[in-house]
Amino acid sequence: MGPTASGKTGLAVELVERLPCEIVSVDSAMVYRGMDIGTAKPNPEILARAPHRLIDIRDPSQPYSAACFLTDALREMEAITAVGLIPLLVGGTMLYFKALEQGLAVLPAANPQVRARLEREAARQGWAALHRHLQEVDPEAAARIHPNDPQRIQRALEVYELTGRPMSEWLAQARGSALPYRLLKIGLVFPKREELHRRIAVRFHTMLEQGFLAEVESLYRRGDLHPGLPAVRAVGYRQLWRYCTGEWGFDEAVRRGITATRQLAKRQLTWLRAQRDVHWFEATEKKLLDRVLKTLTDAAISAR
């Protein structure tokens, strides 16, 4: 686990080449076909060395949720263990990790009409105003959800409007059977926030050089996608989409894309710091692989 741009995929590939593991992607954007550059999806060469499950399993027009991930991940983990291998879960979508470990509340299905109306309100008033409304109806959820996280603000308000109950109440009643696996958590962090910010900016510009804008323009030209879809709301895609619509200039879209990525990393780190039993490693340390392998070996010995 770790924030975006922390090198999770690189470490995971090295582990798979040395241990009897198979990777299960824990990434809400890599599930979509045709979204390769902006999601930093492993290229064919890397996938040949270390196959990843749960990438390229949806068209961008098809919503994908934590509930979908929970079902899919448990199925893939069972298939991996059935042939004597160990599932190695890798990614930065912290809600998916939480769903796997703790289960999920049975929430109402998405309602297109309610979502469309909330988006219209956000267009008129701004998401900050909707976040203030969320503070009134569900202060616990509002405290947990950042004002710059429109997707989660929208979902929390949608649940409240559909059920009359705050989402925080639903989450408190989450019910899920115990995960039939022993977990060992590896967390990648940066000692200095400036280094993470630098890597985020460098990676964003590198993705642009690799054709990120053309990728978004291709999605935009399809005509069947819209900003309300989870795929289009993905960080980076959402900002370049607004460039395609003419709402923002290119430089503005890039600046906001980098800022949004930094905000995502901050939310990821906040969630990670609240986790228990995590083995922490600095993402930039020279002997990272050796130290992680030793931790895994020691854990295996102690479990005997």
Side-chain angles (χ1 to χ4, degrees), residues 4 27-41 54-69 72 92-93 95-96 107-131 133-134 145-162 167 204 207-208 211-261 263-264 267:
T4 185
D27 190 292
S28 60
M30 286 190 189
V31 299
Y32 295 112
R33 294 184 289 272
M35 294 175 57
D36 303 328
I37 299 171
T39 63
K41 191 177 294 177
L54 300 189
I55 66 172
D56 292 334
I57 60 172
R58 285 286 193 280
D59 183 82
S61 63
Q62 301 172 306
Y64 192 77
S65 66
C68 294
F69 169 79
D72 292 345
T93 302
L95 176 61
Y96 287 8
L107 296 172
N111 184 292
Q113 290 75 31
V114 172
R115 290 197 165 191
R117 182 175 54 74
L118 289 171
E119 287 183 4
R120 290 195 297 271
E121 290 182 15
R124 291 196 305 269
Q125 306 174 37
W127 285 106
L130 270 68
H131 188 268
H133 177 50
L134 181 61
I145 299 173
H146 194 279
N148 293 328
D149 192 347
Q151 183 174 349
R152 295 178 69 199
I153 294 171
Q154 182 188 55
R155 180 56 174 158
L157 288 173
E158 177 189 36
V159 169
Y160 178 76
E161 293 198 14
L162 291 173
M167 176 179 270
F204 200 94
M207 291 190 300
L208 289 170
F212 186 17
L213 177 58
E215 184 173 86
V216 178
E217 288 174 332
S218 177
L219 295 169
Y220 180 75
R221 287 195 299 268
R222 280 181 42 164
D224 63 335
L225 304 179
H226 57 83
L229 290 168
V232 180
R233 289 202 298 261
V235 169
Y237 289 87
R238 181 171 69 247
Q239 289 74 28
L240 292 181
W241 187 275
R242 291 192 171 186
Y243 166 73
C244 293
T245 65
E247 183 177 352
W248 292 341
F250 179 71
D251 290 343
E252 177 75 359
V254 170
R255 182 184 68 80
R256 288 180 180 251
I258 293 173
T259 298
T261 309
Q263 292 167 344
L264 169 63
R267 294 194 297 272

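The figures that follow rest on heavy atoms only: side chains count, while hydrogens, waters and symmetry mates do not.
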For side-chain contact (heavy atoms from CB on, under 4.5 Å), just list the numbers for Leu157 and Val114, CA-CA rounded to whole Å, side-chain angles, deciding distance to a tenth of an Å, and then say yes or no. CA-CA 9 Å; Leu157 288 173; Val114 172; over 6 Å; no
Let me have the donor-acceptor pairs involving side chains of residues 62-69, under 3.5 Å, with sequence neighbours excluded, atom names and distances please.
| unit_1 | atom_1 | unit_2 | atom_2 | d |
| --- | --- | --- | --- | --- |
| Gln62 | OE1 | Asp59 | N | 2.9 |
| Tyr64 | OH | Asp72 | OD2 | 2.8 |
| Ser65 | OG | Ala67 | N | 3.4 |
| Ser65 | OG | Cys68 | N | 3.2 |

Donor-acceptor pair, Thr245 side chain versus Arg242 backbone, under 3.5 Å? yes
Please check: side-chain N/O of Lys41 versus main-chain N/O of Ala29, any donor-acceptor pairing under 3.5 Å? no
Closest heavy-atom pair, Met30 versus Thr39, reported as atoms and distance to 0.1 Å, is CE-O, 3.3 Å
Report yes if the side chains of Thr261 and Thr4 come closer than 4.5 Å at any heavy-atom pair, otherwise no. yes
Indicate yes or no: at least one non-hydrogen side-chain atom of Asp27 is less than 4.5 angstrom from one of Leu54. no
Okay, side chain of Glu121, backbone of Leu130: is any donor-acceptor separation there less than 3.5 Å? no
Salt bridge check: are Glu119 and Arg115 linked by an N-O gap of less than 4.0 Å? no
I'd like to know if the side chain of Arg233 reaches the main chain of Gly228, judged simply by a donor and an acceptor atom lying under 3.5 Å from each other, with no hydrogens or angles considered. yes
What verdict does the side-chain contact (heavy atoms from CB on, under 4.5 Å) test give for Leu107 and Arg155, after you've listed the backbone C-alpha separation in whole Å, the side-chain angles of each residue and the deciding distance to 0.1 Å? CA-CA 10 Å; Leu107 296 172; Arg155 180 56 174 158; 3.5 Å; yes
With no hydrogens and no angle check, is any side-chain donor or acceptor of Glu161 less than 3.5 Å from a backbone partner on Glu158? no
If we only count heavy atoms from C-beta on, is the Leu229 to Pro60 side-chain gap below 4.5 Å? no
Do you see a donor-acceptor pair shorter than 3.5 Å between the side chains of Tyr243 and Glu252? no
Taking the side chain from Thr259 and the backbone from Arg255, do they hold a donor-acceptor pair closer than 3.5 Å? yes
Residues Val216 and Cys244: closest non-hydrogen pair is CG1-SG, 4.1 Å
Would Ile153 and Leu118 satisfy side-chain contact (heavy atoms from CB on, under 4.5 Å), going step by step from the backbone distance to the final call? CA-CA 10 Å; Ile153 294 171; Leu118 289 171; over 6 Å; no
Contact between Glu247 and Trp241 at the side-chain level, heavy atoms closer than 4.5 Å - yes or no? no
Is Ser28 reaching over with its side chain to a backbone N or O of Thr93, donor-acceptor style, under 3.5 angstrom? no
Test side-chain contact (heavy atoms from CB on, under 4.5 Å) on Leu208 and Phe250; report intermediate values, then the result. CA-CA 11 Å; Leu208 289 170; Phe250 179 71; 4.2 Å; yes
Counting only N and O atoms by type, is there a donor-acceptor contact under 3.5 Å from the side chain of Tyr237 to the main-chain atoms of Gly38? yes
Heavy-atom closest contact (Pro112 atom, Ala110 atom, distance): CD-O, 3.7 Å
